[in-house]
Every structure is written in C-alpha cells, then in structure tokens.
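For reference, positions follow the sequence shown, starting with 1.
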Amino acid sequence: QVQLVESGGGLVQPGGSLRLSCAASGSIFRLNTMGWYRRAPGRQRELVARITSGGSADYVDSVKGRFTMSRDNAKNTVYLQMNSLKPDDTALYYCNAEVEAEIGPSWIYWGQGTQVTVSS
C-alpha cells in the first residue's frame, strides 16, 4: 500500500508565504509524475502544478511566478513553495502521485489534503 501525507498548510496574511510538503511511503518501486491540486468552496478541483520524475514542472497560469514545485527523489517527497499568497489561493490542497510497481500497472494515489487560508 502507498500513503501520501501533506503538511505545511495554515493561516497566512495576503503577501505571505507557505511551503507545502507531500511525503510518499509504502510499496513504491518508482514515483512518476506528481501533482498538487486544490479545491476551493463552490469551485471545481484544479490542477495547480505537476512535476515529472526528472524534475520538470508546469503550473496553472494563475500561480506562475509565485509558486514553485520541486521534488526530492531520495526522500520520496515533493514540495510546493507558495509566495505572494492571495485570498483567492485559499483552498484545500491535495497531493497526488503516479506510483509504479515492480510488476503490474501504475496507480494514482491521493493525500488527505492540507488547508491553506489567506486572510487579513
């Protein structure tokens, strides 16, 4: 079994920063593409950023220049550095990962989410 655990969320003022972490554990042969999603009240789930196994990251337009996704393959962990936070960034942030087994197909796993609230 595979588990993803997010951490680092909290309450910050507009313009502040947070660093989210997502640690994967369990039966993992290889972590492929990983992503950060968010869901705000009354809105659809949105892909915020994703990163390949080689470290190439892509972002939704609304966070470009403010958010940076990275990964530490030795620790099976990905990060989302969030700067210049805005109230519109308020959401529950989820980590997901494509996990490759030694034998058989890959599976997509989701974390439980960590809450980010940006408010004065």
Legend entry - Between Arg71 and Asn73: side-chain donor-acceptor atoms closer than 3.5 Å: yes
Legend entry - Test item: Val63 and Arg38 side chains (from C-beta on) under 4.5 Å apart, heavy atoms: yes
Legend entry - Residue pair Leu4 / Cys22: nearest heavy atoms and the distance that separates them: CB-SG, 4.1 Å
Legend entry - Same apolar cluster: Met34 and Tyr79, side chain cutoff 4.5 Å: no
Legend entry - Hydrophobic cluster partners of Trp110 (side-chain heavy atoms under 4.5 Å): Tyr37, Leu47, Leu92, Tyr94, Ile108
Legend entry - pair Ser27-Glu102: side-chain heavy atoms closer than 4.5 Å: no
Inset, instruction - Just do the side-chain contact (heavy atoms from CB on, under 4.5 Å) check on Phe29 and Ile103 with the steps written out, would you? - result: CA-CA 9 Å; Phe29 177 69; Ile103 299 176; over 6 Å; no
Which pairs of donor and acceptor atoms, one on a side chain in residues 6-17, lie under 3.5 Å apart (sequence neighbours left out)?
from: Glu6; atom 1: OE1; to: Gln112; atom 2: N; distance (Å): 3.0
from: Glu6; atom 1: OE1; to: Gln112; atom 2: NE2; distance (Å): 3.2
from: Glu6; atom 1: OE1; to: Gly113; atom 2: N; distance (Å): 2.9
from: Glu6; atom 1: OE2; to: Cys95; atom 2: N; distance (Å): 2.7
from: Glu6; atom 1: OE2; to: Gly113; atom 2: N; distance (Å): 3.3
from: Ser17; atom 1: OG; to: Asn83; atom 2: OD1; distance (Å): 2.9

Legend entry - Exam field: side chain Thr90 to backbone Asp88, donor-acceptor pair closer than 3.5 Å: no
Legend entry - Residue pair Arg66 / Leu85: nearest heavy atoms and the distance that separates them: NH1-CA, 3.9 Å
Inset, instruction - Evaluate side-chain contact (heavy atoms from CB on, under 4.5 Å) for Arg30 paired with Ser106, printing each intermediate quantity in order. - result: CA-CA 9 Å; Arg30 181 181 299 168; Ser106 297; over 6 Å; no
Inset, instruction - State plainly whether one hydrophobic cluster holds both Leu18 and Val60, where clusters connect Ile, Leu, Val, Met, Phe, Trp and Tyr through side-chain heavy atoms under 4.5 angstrom apart. - result: yes
Legend entry - Tyr93 and Leu80, any side-chain heavy atoms less than 4.5 Å apart: yes
Inset, instruction - Compare every heavy atom of Ala91 with every heavy atom of Gln115, then report the nearest pair and how far apart it is. - result: NE2-O, 3.4 Å
Legend entry - Intermediate values then yes/no, salt bridge (Lys or Arg N to Asp or Glu O under 4.0 Å), Asp89 and Lys86: CA-CA 5 Å; Asp89 295 319; Lys86 305 174 181 179; over 6 Å; no
Inset, instruction - State, yes or no, whether a side-chain contact exists between Trp107 and Val2 at a heavy-atom distance under 4.5 Å. - result: no
Legend entry - Within one Ile-Leu-Val-Met-Phe-Trp-Tyr cluster: Met69 and Leu20, side-chain cutoff 4.5 Å: yes
Legend entry - Short side-chain to backbone donor-acceptor contact, Asp58 and Arg50, under 3.5 Å: no
Inset, instruction - Please go through Val5's hydrophobic cluster and name the other residues, only I, L, V, M, F, W, Y counting, with side-chain heavy atoms under 4.5 Å joining them. - result: none
Legend entry - Rounded distance [0.5 Å steps], CD in Gln81 versus OG1 in Thr68: 7.0 Å
